[in-house]
There are 2 protein chains.
Amino acid sequence: MKKLITALLLTSSLTANASNTEFTQKQLQQIDEVRTSALNSDLSYKLLESLTTEVGPRLPGTENDKKAVAWAQEKFNELGFDKVWLEEATFPEWRRFSESGKILTPSEQTLHLTALGHSVSTPKDGITAEVILFETLDELIAAPANSLKGKIAYINYRMNRDIDGNGYGPAVRARSTGSVEAAKKGAIGYMMRSVSTAHHRFAHTGGSHYKDGVTKIPNVTIANPDADQVARLIALGKSVTVNINVQNEDRGQGTGYNVIGQFNGTENPEQYVLIGGHLDSWDLGTGALDDGAGVALTMAAAKHISDVKRTKRSIRVVLFAAEELGLWGAKAYFAQHNNELNNIVAAAESDFGADVVYAFESNVSAESLPVVRAIAKELAPLNIEYIGRNQANGGPDLIPLKAATSAPIFELAQDGTDYFDYHHTADDTLDKVTPAKLRQNTAAYAVFALMAADAKTTIKPKAQNK
Amino acid sequence: MKKLITALLLTSSLTANASNTEFTQKQLQQIDEVRTSALNSDLSYKLLESLTTEVGPRLPGTENDKKAVAWAQEKFNELGFDKVWLEEATFPEWRRFSESGKILTPSEQTLHLTALGHSVSTPKDGITAEVILFETLDELIAAPANSLKGKIAYINYRMNRDIDGNGYGPAVRARSTGSVEAAKKGAIGYMMRSVSTAHHRFAHTGGSHYKDGVTKIPNVTIANPDADQVARLIALGKSVTVNINVQNEDRGQGTGYNVIGQFNGTENPEQYVLIGGHLDSWDLGTGALDDGAGVALTMAAAKHISDVKRTKRSIRVVLFAAEELGLWGAKAYFAQHNNELNNIVAAAESDFGADVVYAFESNVSAESLPVVRAIAKELAPLNIEYIGRNQANGGPDLIPLKAATSAPIFELAQDGTDYFDYHHTADDTLDKVTPAKLRQNTAAYAVFALMAADAKTTIKPKAQNK
């Protein structure tokens with residue numbers, strides 16, 4: 001990686017000399033300076049280390065969630081942000097207390113499982129029943145009425161590995177609504193293969209939903225090696241009975257905070273570039289990849305810019321609350337700022353781990369594409385490819401923004417090939433982050449935010465369809 | 001791997017034409033035939049899959065241990081072994097019921113831990129105390145008397161990764177006697193970094209010992225990412241308090257069985273080549289690498305030989321009982337056969353996972369070295385290097401044999417670079433075994449056992465020192 005960085009720096013000094021109508025020569029030198037300092041700084045890693053070590057897991061509503069809010073405020077202040085504030089967000093609070101599983105027949109074996117978010121508890125001794133295997137959610141949906149009476153429904157669907165995480169969506173369908181479909185057929189429990197590419201015995205948690213009028217049944221995933229084991233036993237023609245014991249609690253409405261830090265713009269301070277990640281995490285790991293990295297690298301990116309200059313427009317880092325339980329912080333933020341969403345001149349969330357950014361894409365009006373291409377040119381020395389499609393999705397916390405309005409969305413796409421080996425598991429810990437890759441991410445966000453905030457022309461969203 | 005196998009087969013036919021004073025041309029053709037069929041057969045993988053799936057974990061004394069004995073008898077019979085029998089072994093039975101851990105201060109976090117074998121239980125609510133970190137066992141031993149009163153002693157020693165597993169021994173010292181040394185200084189609990197090279201949150205179990213007259217304190221290891229976390233927190237100057245809760249039971253003397261299968265020799269049936277592994281496993285994983293692989297590949301190797309011929313001397317596959325709790329099956333076997341140990345013409349145990357065999361070494365009398373070199377020549381096409389040192393250690397279950405007598409010991413050394421990523425953890429499961437590598441192991445054992453059993457000259461041990 002050292003070699004890579006040297007190569008990047010050599011290229012970047014050439015780029016800085018390129019002519020450009022949106023940015024002056026002085027601005028291009030500042031961009032180069034910010035990029036270089038971000039590539040050589042361990043600030044983002046130090047922030048991530050501090051958050052994941054001193055706070056650790058950050059399930060919304062827990063004591064650690066509150067500590068994370070205090071941590072973020074303190075760090076924003078230490079880093080010299082002009083303005084640091086909190087905005088309230090409410091969410092349905094849920095806690096995991098204990099969980100265990102066993103295959104009982106044909107042979108007793110531990111089953112590594114975890115409850116999905118909002119899963120109800122089993123009775124104290126768990127539920128014990130035969131497992132009925134389906135390869136896909138659609139096959140479960142097609143099962144005859146009452147055919148799962150007294151059984152535990154099991155979906156064995158295996159997500160595929162890819163750089164852009166395209167395997168996730170299709171696999172998550174079974175997580176979101178599988179337990180509802182299983183309960184409709186009479187199942188007393190729902191179990192699924194983890195939405196994960198890992199070859200390790202970590203079950204993956206995540207959001208799930210019950211449906212009014214349908215019995216709420218315990219809702220768990222099992223680790224992939226355990227999923228293989230269950231599938232092999234069933235393929236042998238064995239009756240597989242398992243015991244699932246999960247103790248959780250829905251605790252009604254909880255309150256948390258989006259933590260926001262801003263460096264004020266010098267010319268149009270009300271306009272701002274929004275970057276950030278989500279401050280909460282699942283409880284199993286320490287949320288290093290999801291989304292400590294996004295938090296740390298966007299905070300650091302803004303700081304690196306401020307070391308060189310104040311931009312024309314503001315740079316706002318938003319650390320969203322309660323993303324994992326359903327984007328509650330993002331919903332609150334964009335609702336609260338609903339009347340001023342057009343102040344956002346560019347928005348990008350980092351929430352896909354800590355591997356390198358390999359592509360850059362916009363979703364803006366055609367008249368803003370020259371600015372986009374100027375930014376892409378300054379990202380190229382970081383080995384980031386420009387995708388001209390102009391249909392960027394942005395991160396999950398931008399979904400409520402996109403629902404509310406047409407907004408200028410950007411994506412700094414990270415290599416997600418290994419992301420789902422760790423995502424939402426106990427194994428999402430600091431040691432999975434490569435410092436040099438985190439520095440590349442930080443530099444990418446710094447260059448992007450600086451240029452979007454400092455361009456001659458203000459970036460505009462695509463025309464409203466509504 | 002397909003390419004590798006093709007290359008191996010091409011080379012092997014050349015080798016088969018080589019002249020050799022210990023083996024006839026016909027024997028060399030038979031060796032080639034056995035090697036080829038083992039390299040092309042999924043028998044060892046199928047046996048391993050069956051053992052780890054249908055039986056699963058095999059802690060000595062458990063119902064699964066009994067199932068494994070029945071499984072092995074049945075498979076030996078199905079494979080057509082001439083003689084299949086059991087020999088009793090007793091051992092101190094121990095069970096794990098539940099375990100959990102938490103860092104309580106400075107911030108609540110899960111601590112992934114596991115009890116070491118024979119650990120006593122904590123009280124029902126666990127023990128809660130401050131952690132005192134030592135980098136090595138020697139530093140703990142050097143601590144002042146009573147300095148750990150009411151504390152949990154923690155050894156942070158990190159084992160190194162190497163092909164021959166040389167990091168294991170130095171790290172295991174702290175596992176064997178760490179709790180005794182900690183208790184001597186007044187500690188109420190003992191915790192150590194896992195004897196493991198893994199970057200995953202699996203704690204590693206293993207054997208440990210108490211000492212008469214020293215208080216027995218709970219004895220656990222923590223996963224390596226958790227060890228990093230504890231070390232980081234302590235390095236920050238924080239007081240780290242943890243709760244450790246392990247519930248186990250020492251159950252007095254248990255009984256198990258070595259399971260033995262033999263193909264009888266045609267000329268000197270009382271003389272035999274001993275190959276095998278241990279049938280038991282720790283309870284956390286399914287014992288695929290440790291030591292389902294050794295069991296499966298030595299059973300299959302003998303079967304491949306029998307498909308081609310009966311050898312002059314017998315080939316005996318011994319599946320030892322209760323290795324993990326202290327070599328109890330091996331102790332029983334070699335005690336029971338104490339008066340006939342000189343019937344063993346060659347002994348090798350496979351108990352180091354399922355990666356490729358990369359080296360072959362003997363420990364025999366100088367007059368037997370021509371036979372050894374003839375075997376090495378036939379192992380070379382499998383990419384196995386001959387180590388001329390003649391000081392092979394053999395596997396753990398051969399320790400009681402070496403203690404009793406000078407015996408002709410062999411080592412088919414496996415690549416152990418990744419072995420300690422999985423060894424003694426919940427993650428030791430079938431998916432960690434690469435079928436093609438297991439076939440190479442099977443072929444190596446088949447060639448070795450066939451040649452040692454069929455050589456013109458009987459292999460002799462080094463002269464007794466006693």
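Note that these values count all heavy atoms, side chains included, but never hydrogens, waters or copies made by symmetry. Here is the naming used below: chain letters follow the sequence lines, and residue numbers restart at 1 for every chain.
Heavy atoms of B:L236 lying under 4.5 Å from chain A belong exclusively to its side chain. Looking at A:T62, neither its backbone nor its side chain comes within 4.5 Å of chain B, counting heavy atoms on both sides. Heavy-atom distances place the backbone of B:L284, and not its side chain, under 4.5 Å from chain A.
The choice from A:D226, A:D228, A:N224, A:T52 that makes the most heavy-atom pairs within less than 4.5 Å of chain B is A:T52. Heavy-atom pairs under 4.5 Å with chain A were tallied for B:S98, B:P225, B:G56; the largest tally goes to B:P225.
Side-chain atoms of B:N64 come within 3.5 Å of backbone atoms of A:E108 as a donor-acceptor pair (strictly under, hydrogens ignored).
Minimum interatomic distance between A:Q229 and B:T286 (heavy atoms only, all atoms of both residues): NE2-CG2, 3.9 Å. Of all non-hydrogen atoms in B:V55 and A:S107, the two that sit nearest each other are O-OG, 2.6 Å. Closest of all the heavy-atom pairs between B:K67 and A:P106 is NZ-O, 2.8 Å. Heavy atoms only, all atoms of each residue included: B:T53 and A:Q109 are closest at O-NE2, 3.0 Å.
For B:N77, the side chain to side chain contact (heavy atoms under 4.5 Å, CB included) partners two or more places apart in sequence, or in a different chain, are B:V84. Residues meeting the salt bridge (charged side-chain N to carboxylate O under 4.0 Å, His left out) test with B:E135, sequence neighbours left out: none.
With B:T429 as reference, A:R201 is the one residue of A:H200, A:R201, A:H199 to meet the side chain to side chain contact (heavy atoms under 4.5 Å, CB included) rule.
At a heavy-atom separation below 4.5 angstrom, chain A is approached by B:Y422, B:A426, B:D427 within residues 415-427 of chain B.
Applying the salt bridge (Lys or Arg N to Asp or Glu O under 4.0 Å) rule to pairs touching residues 52-66 of chain B yields A:K238-B:E54, sequence neighbours excluded.
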